[in-house]
Number of protein chains: 2
Amino acid sequence: MTTPVHSHSPAPVLKVGVKPPYELVCSTAFLLKRLGMQVKERTMEAYEAIGASPYHYSVLAVLEEGARDTQAKIADALGYDRSWLVGLLDELEEAGLIDRRRDPEDRRRHLVSLTPPGKKKLAELRKISKSIENEFLASLDTAQREQLHELLLKVASDHDPRLASGSGENAPA
Amino acid sequence: MTTPVHSHSPAPVLKVGVKPPYELVCSTAFLLKRLGMQVKERTMEAYEAIGASPYHYSVLAVLEEGARDTQAKIADALGYDRSWLVGLLDELEEAGLIDRRRDPEDRRRHLVSLTPPGKKKLAELRKISKSIENEFLASLDTAQREQLHELLLKVASDHDPRLASGSGENAPA
DNA sequence: TATTGTTATACTCTATAACTATA
DNA sequence: TATAGTTATAGAGTATAACAATA
């Protein structure tokens, strides 16, 4: 065999001249699915390139806002499975980015906090996140990006009231 | 054990009072990922409830537009893996929704076409698709939906030129 | 030798359950 | 008995490779 000619990854093969059905392109839901998957893929790749993952970024971001420093709260805030969070925290702890110690008041619990290197890392990951988003939305100008974000947030808040701006502690600052 | 109290599906657990980090909610990419996954889940459920799948709908929609009647073309149009498409077509054929026969001009190929029941099914699935989208975007009025679609299409076309409107055969009609 | 459709395999994710230590 | 965190297991989904038929 010469080389695996068939590189049919389900995502973007982009055979010119063969386009998806007009009917699907007209569907906002279809576009949402497609774009969601694409941006997820790109994000993954970008983070993996530096030995991290988008999940690391999310966890660190949660920790910086504090007030959700037990593992259960972190998991709930991000909608992660608690058992899955464990592995993430292991990695972050091993890298010295977080601190995990028992809660003296309830020795079942772990109090998780950001270390100074963790804060630095967060800043780094944040930068990557911004640049990915910037690149992904390159075809939109500033006003359009704001418009898009507003519309998406409206829909998302409708399905998950927790996202609604204003309500809650961890607001803009 | 009483009942599996832990229902931590990674998606929407919605513990009140515990919200995702403000930083993430501000990210358009984050919202895209979230909404893309949510709408995908809901679509799956809705189709499965009637013993179908969104993939069936996509394939039938491609076939109705014709001009992509070999399996390779269908797969490319949808960005599916060719080997995975086989199973889908098996299901559709068994249900009598499509017709699969050898191409006399190149006996390696299969010519795939919609049957009359297939056309009926397509209409049915189309209706479901529309109602899901309608429900999912319930918080937006008509103008906002158009706006959202336009913005998403712009971004999507930027990443996949095949989506650009106008160019190609299978346009509006 | 290359290509179409197909089948088989391997691998990654992730959902669930099971376990411990505390309460 | 219930809960926080952890570990282990199983199942779905998917990417890859191998294959038979035809060109």
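- Comparing D:dT14, C:dT7, C:dT14 by their nearest atom to the side chain of A:Trp84 picks out C:dT14.
- Side chain of A:Gln71, nearest nucleotide from D:dT6, C:dT4, C:dT7: D:dT6.
- With D:dG5, C:dT16, C:dG5 as the choices, the nucleotide that has an atom nearest any side-chain atom of A:Asp81 turns out to be C:dT16.
- B:Glu124 and B:Tyr57 share no donor-acceptor pair across their side chains, judged by distance under 3.5 Å alone.
- Of the residues listed (A:Gln147, A:Gln144, A:Glu150), the one engaging B:Gln147 in a side chain to side chain contact (heavy atoms under 4.5 Å, CB included) is A:Gln147, and it is the only one.
- The CD1 atom of A:Ile74 sits 10 Å away from the P atom of D:dT6 (whole-angstrom rounding).
- Salt-bridge annotation for A:Arg101 and A:Glu93: absent, with no side-chain N of the basic residue lying under 4.0 Å from a carboxylate O of the acidic one.
- Counting atom types as modelled, A:Ser83 pairs a side-chain N or O with a base atom of C:dT16 as donor and acceptor under 3.5 Å.
- Inspection of the B:Glu133 and A:Ser27 side chains reveals an N or O donor paired with an N or O acceptor under 3.5 Å.
- For the pair A:Asp90 and A:Arg100, the salt-bridge criterion is met [side-chain N within less than 4.0 Å of a carboxylate O].
- In this structure, CG of A:Asp69 is placed 10 Å from P of D:dG5, rounded to the nearest angstrom.
- Contact annotation: A:Arg100 reaches the phosphate of D:dT6 (side-chain N/O to OP1 or OP2, under 4.0 Å).
- We find that CG of B:Asp76 is positioned 13 Å from C1' of C:dG5, with the value rounded to whole Å.
- With rounding to whole Å, B:Tyr80 atom OH is found 10 Å from D:dT14 atom P.
- Between the side chains of B:Gln38 and A:His159, no donor N or O sits under 3.5 Å from an acceptor N or O.
- Non-hydrogen atoms lying under 4.0 Å from DNA chain C are contributed by A:Asp106, A:Arg107, A:Arg108, all within residues 101-112 of chain A.
- The nearest whole Å value for the distance from the NZ atom in A:Lys40 to the C1' atom in C:dC13 is 9 Å.
- Computed from coordinates, the A:Arg82 CZ to D:dT6 P distance equals 12 Å when rounded to whole Å.
- No side-chain donor from either of A:Tyr80 and A:Gln71 sits under 3.5 Å from a side-chain acceptor of the other.
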